[in-house]
Trainee: 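One structure coming up, written as structure tokens, with questions to follow.
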Amino acid sequence: TDVAPADGAFYIYVDVSKQVEDSVKMCWSLLEEAGVAITPGTDFEDPASDLGSKRLRISYCGATDDIREGLRRMRSWWQSYPSRLTKAA
């Protein structure tokens, strides 16, 4: 996974193309199953490029404890997500 430098912003932009083909689907799944909201890259890329479906944006503006809890939930959720994708294919 490649991560762009934050450059003073309160978010990171992550390339998940090696793990995920549809960042929108992944973001919805994470929200519904773990209660964690992140933004698919489709909101930040040229639609013609298809790069947005392979990237996501994670904000870290908020209380430190909330961010830690979100990361804990995301880590736990992620452990089974790639294998569920493989089974669904």
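Residue indices begin at 1 and follow the sequence shown. Because the structure is predicted, anything quoted here is derived from the model rather than measured.
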Trainee: Group every Ile, Leu, Val, Met, Phe, Trp and Tyr by side-chain heavy-atom contacts under 4.5 Å, then state whether Leu31 and Val14 land in the same group.
Mentor: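 Shared cluster, no.
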Trainee: Is there a continuous path of hydrophobic side-chain contacts, each under 4.5 Å between heavy atoms, that joins Val16 to Val24?
Mentor: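 Val16 and Val24: separate clusters.
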Trainee: Return the set of residues passing side chain to side chain contact (heavy atoms under 4.5 Å, CB included) with Ser29 (not counting sequence neighbours), or none when no residue passes.
Mentor: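 With neighbours one apart ignored, the set is Glu33, Trp77, Tyr81, Arg84.
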Trainee: Do Arg57 and Asp43 have side chains that get closer than 4.5 Å, going by heavy atoms?
Mentor: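 No, every pair of side-chain atoms sits at 4.5 Å or beyond.
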Trainee: Going by the rule side chain to side chain contact (heavy atoms under 4.5 Å, CB included), which residues pair with Ser53 if we only count those two or more places apart in sequence or in a different chain?
Mentor: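 Ser53 satisfies side chain to side chain contact (heavy atoms under 4.5 Å, CB included) with Asp50 once adjacent residues are dropped.
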Trainee: Are more than 12 heavy atoms, taken from residues, nucleotides or ligands other than Trp28, located less than 6.0 Å from that residue's CH2 atom?
Mentor: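 Check fails, neighbour count at 12 or below.
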Trainee: For the residue pair Met26 and Leu56, what are the closest heavy atoms and their distance?
Mentor: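 Smallest heavy-atom distance, with atoms named: CE-CD2, 3.4 Å.
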Trainee: Hey, could you give me the OG1/CG distance between Thr42 and Asp22, rounded to the nearest 0.5 Å?
Mentor: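 The CG atom of Asp22 is 8.5 Å from OG1 of Thr42, to the nearest 0.5 Å.
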Trainee: Would a hydrophobic clustering, with Ile, Leu, Val, Met, Phe, Trp and Tyr connected at side-chain separations under 4.5 Å, put Ile38 with Tyr60?
Mentor: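 Hydrophobic grouping puts Ile38 with Tyr60.
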Trainee: Would you indicate whether the side-chain heavy atoms of Thr39 and Phe44 approach each other to under 4.5 Å?
Mentor: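 Counting from C-beta outward, Phe44 and Thr39 do come under 4.5 Å.
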Trainee: State which residues pass side chain to side chain contact (heavy atoms under 4.5 Å, CB included) with Arg73; sequence neighbours excluded, sorted by chain then number.
Mentor: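 So Arg73 forms a side chain to side chain contact (heavy atoms under 4.5 Å, CB included) with Ala34, Val36, Glu69.
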Trainee: Do Leu71 and Val20 share a hydrophobic cluster (ILVMFWY, side-chain heavy atoms under 4.5 Å, transitive)?
Mentor: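 Linked within one cluster.
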Trainee: For Asp15 versus Arg55, what's the shortest heavy-atom pair and its separation?
Mentor: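 Of all heavy-atom pairs spanning Asp15 and Arg55, the closest is CA-CG, 4.1 Å.
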Trainee: Is the backbone N or O of Gly52 less than 3.5 Å from a side-chain atom of Ser23, with the two atoms forming a donor-acceptor pair by type?
Mentor: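 Yes.
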